[in-house]
Engineer: 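There's a structure below that I have some questions on.
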Amino acid sequence: MLDKNQIFAAPMAGISDLPFRTIIRDFVPGLPVMTEMISCHSLVEQHKNCLRNFENYAREGNVGTQIFGSVPQLMADAAQILADNGATWIDINMGCPVPKVATRSGAGAFLMRDHKLAGQIINAVVRAVKIPVSIKTRLGWDADSMDWANLIHIAADNGASWATLHGRTRAAGYSGVAVHPEIKNMPIPIIANGDIKCRADVDFVMKCGYAGAMIGRAMMGHPWIFAEILETGEKPKNIGAIVLKHLNLMIEYYGARAAIPMFRKHLAWYSTGMPNSSEFRIKINQITDEDLIRDEILQFWGCA
């Protein structure tokens, strides 16, 4: 599953849904992509308002499904559901810094503070499925507890196949510059994540001993970044056509009423740095009709 110098698309809440994964794959077919993080409670209880609970990942191919939670058996049950639904591998979120996950739920980054529970969760998930299991974590809870290496060893001892390390602490959130410590004598491969935006960044983390790199925020409004980094393609000439396809996929998946407000953030990212983008964003933020928003996209990007 894990190839040398592997490049991944990161799991990002509100971003890494099926429509966006489809757009990414248009540029690099077969790229390993990850879902948004999925609550083990929501999945096991089959909450009907969460479309991710009912996806068939076998149709996509090479999809990692990320789950979060604090109850080992529930995490195992969720992993089994996802494996049965065609996931290529299961990723356990041990780095989300959002308070409702990391503090109130005792999941995500909280597991950096409770290594015993982290080990129990990894062990339960590994035993529940026949596909690889990975973890995604951070440097530590804060600057005084940079114990990521200990958690990596615990993950390996409990059967995890690899780990992704975001180069910030939980306390740092997404602020400041990501730091990628040198990797030495680790029992499993480690993927670097955080502020990786170009080929030079990938080359740097590889020299630090990482087995691969995971691209996160740099792919927002820039889904062709993987083709650029892998040197299999470049920025497309007709971005408007990509934007329209993305919108249509969102409408097909969520329905127009939900998709259009959700798509506004993507339009902001796609248009960043372009002439008159501020006026464009103001205009589209007032639109709820799918035909009108398509017209604005056609006009802004000048596509046929």
Side-chain angles (χ1 to χ4, degrees), residues 3 5-36 57 59-64 193-205 212-254 256 259-285 287 290-304:
D3 296 328
N5 299 343
Q6 186 72 72
I7 306 297
F8 293 80
M12 299 185 69
I15 313 284
S16 304
D17 56 12
L18 177 59
F20 190 67
R21 299 196 302 269
T22 302
I23 293 295
I24 288 174
R25 288 271 178 73
D26 282 349
F27 297 99
V28 183
L31 182 84
V33 299
M34 296 184 68
T35 65
E36 303 172 78
Y57 301 105
R59 296 173 184 170
E60 289 187 71
N62 212 6
V63 179
N193 174 235
D195 291 350
I196 299 175
K197 305 173 184 176
C198 61
R199 181 75 234 182
D201 294 336
V202 172
D203 291 341
F204 172 75
V205 297
M214 183 174 284
I215 313 300
R217 286 180 291 175
M219 67 182 176
M220 300 188 309
H222 193 185
W224 51 86
I225 188 173
F226 300 96
E228 293 175 335
I229 288 175
L230 294 170
E231 299 177 347
T232 60
E234 55 188 21
K235 183 177 179 178
K237 295 180 180 179
N238 190 353
I239 294 175
I242 296 164
V243 176
L244 282 174
K245 180 175 181 178
H246 193 173
L247 171 63
N248 290 336
L249 288 169
M250 291 277 286
I251 290 172
E252 180 182 346
Y253 187 73
Y254 294 105
I260 290 172
M262 293 172 68
F263 195 62
R264 289 170 184 156
K265 60 179 180 286
H266 290 285
L267 287 172
W269 295 324
Y270 279 122
S271 63
T272 296
M274 295 183 64
N276 304 315
S277 60
S278 296
E279 293 85 348
F280 172 70
R281 288 193 292 271
I282 292 170
K283 188 178 294 186
I284 58 102
N285 282 341
I287 296 175
E290 60 181 291
D291 292 328
L292 289 178
I293 205 162
R294 283 194 186 95
D295 289 343
E296 290 299 331
I297 292 169
L298 288 167
Q299 182 175 342
F300 184 76
W301 272 281
C303 50

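In what follows, every heavy atom counts, from backbone to side chain, and hydrogens, waters and symmetry copies are set aside.
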Engineer: Just to verify, which of Lys197, Glu228, Arg217 counts as forming a side-chain hydrogen bond (donor to acceptor under 3.5 Å, both in side chains) with His222?
Structural biologist: Glu228
Engineer: Any non-hydrogen side-chain atom of Trp269 less than 4.5 Å from a side-chain atom of Ile15?
Structural biologist: yes
Engineer: If you measure from CD1 on Ile251 to NE2 on His246, what distance do you get to the nearest 0.5 Å?
Structural biologist: 11.0 Å
Engineer: Classify the ring geometry of Tyr270 against His266: parallel below 30°, tilted from 30° to 60°, perpendicular beyond 60°.
Structural biologist: tilted
Engineer: Do Pro223 and Ile24 come close enough that some side-chain heavy atom pair is under 4.5 Å?
Structural biologist: yes
Engineer: Find the distance between CG (Asn276) and CD1 (Ile282) and round it off to the nearest 0.5 Å.
Structural biologist: 11.0 Å
Engineer: Against Ile7, only a single residue in Ile196, Ile215, Val28 fulfils side chain to side chain contact (heavy atoms under 4.5 Å, CB included); can you say which?
Structural biologist: Ile215
Engineer: I want to check something: taking the side chain as every heavy atom from C-beta on, are Phe27 and Ile242 in contact at a cut-off of under 4.5 Å?
Structural biologist: yes
Engineer: Work out which heavy atom in Arg25 is nearest to a heavy atom in Gly61; give both atom names and the distance.
Structural biologist: NH2-O, 2.6 Å
Engineer: Kindly compute the distance separating NZ (Lys245) from CD (Glu252), expressed to the nearest 0.5 Å.
Structural biologist: 10.5 Å
Engineer: Where do Ala13 and Glu36 come nearest, in terms of heavy atoms and distance?
Structural biologist: C-OE1, 3.6 Å
Engineer: Shortest non-hydrogen contact from Ser271 to Ser277?
Structural biologist: O-CB, 3.2 Å
Engineer: Tell me if a side-chain donor or acceptor on Arg21 pairs with a main-chain N or O of Val63 at a distance below 3.5 Å.
Structural biologist: no
Engineer: I need the Leu18 CG to Ile23 CD1 distance, nearest 0.5 Å.
Structural biologist: 10.5 Å
Engineer: Compare every heavy atom of Asn62 with every heavy atom of Gly30, then report the nearest pair and how far apart it is.
Structural biologist: O-ND2, 3.0 Å
Engineer: At their closest point, which heavy atom of Ala256 faces which heavy atom of Pro261, and how far apart are they?
Structural biologist: O-CD, 4.3 Å
Engineer: Given the rule in the side-chain contact (heavy atoms from CB on, under 4.5 Å) test, do Phe280 and Leu267 qualify, once you have shown the distances and angles that lead to the verdict?
Structural biologist: CA-CA 9 Å; Phe280 172 70; Leu267 287 172; 4.2 Å; yes
Engineer: Test Ile239 against Phe300 for side-chain contact (heavy atoms from CB on, under 4.5 Å), laying out the working first.
Structural biologist: CA-CA 10 Å; Ile239 294 175; Phe300 184 76; over 6 Å; no
Engineer: Could you check if a side-chain atom of Leu298 sits within less than 4.5 angstrom of a side-chain atom of Leu244, using non-hydrogen atoms only?
Structural biologist: yes
Engineer: Might you point out which heavy atoms bring Ile260 and Ile287 nearest each other, and give the distance in Å?
Structural biologist: CG2-O, 3.6 Å
Engineer: Any salt bridge linking Glu290 with Arg294? Criterion: basic side-chain nitrogen under 4.0 Å from a carboxylate oxygen.
Structural biologist: yes
Engineer: What pairs with Ser278 under side-chain contact (heavy atoms from CB on, under 4.5 Å), at least two apart in sequence or on another chain?
Structural biologist: Arg281
Engineer: Tell me, with the steps shown, if Tyr253 and Phe20 meet side-chain contact (heavy atoms from CB on, under 4.5 Å).
Structural biologist: CA-CA 11 Å; Tyr253 187 73; Phe20 190 67; over 6 Å; no
Engineer: What is the distance from atom CE of Met220 to atom CE of Met12, rounded to the nearest 0.5 Å?
Structural biologist: 4.5 Å
Engineer: I want to check something: taking the side chain as every heavy atom from C-beta on, are Ser16 and Thr35 in contact at a cut-off of under 4.5 Å?
Structural biologist: no
Engineer: Once you round to the nearest 0.5 Å, how far does CZ of Arg264 lie from CG of Asn285?
Structural biologist: 5.5 Å
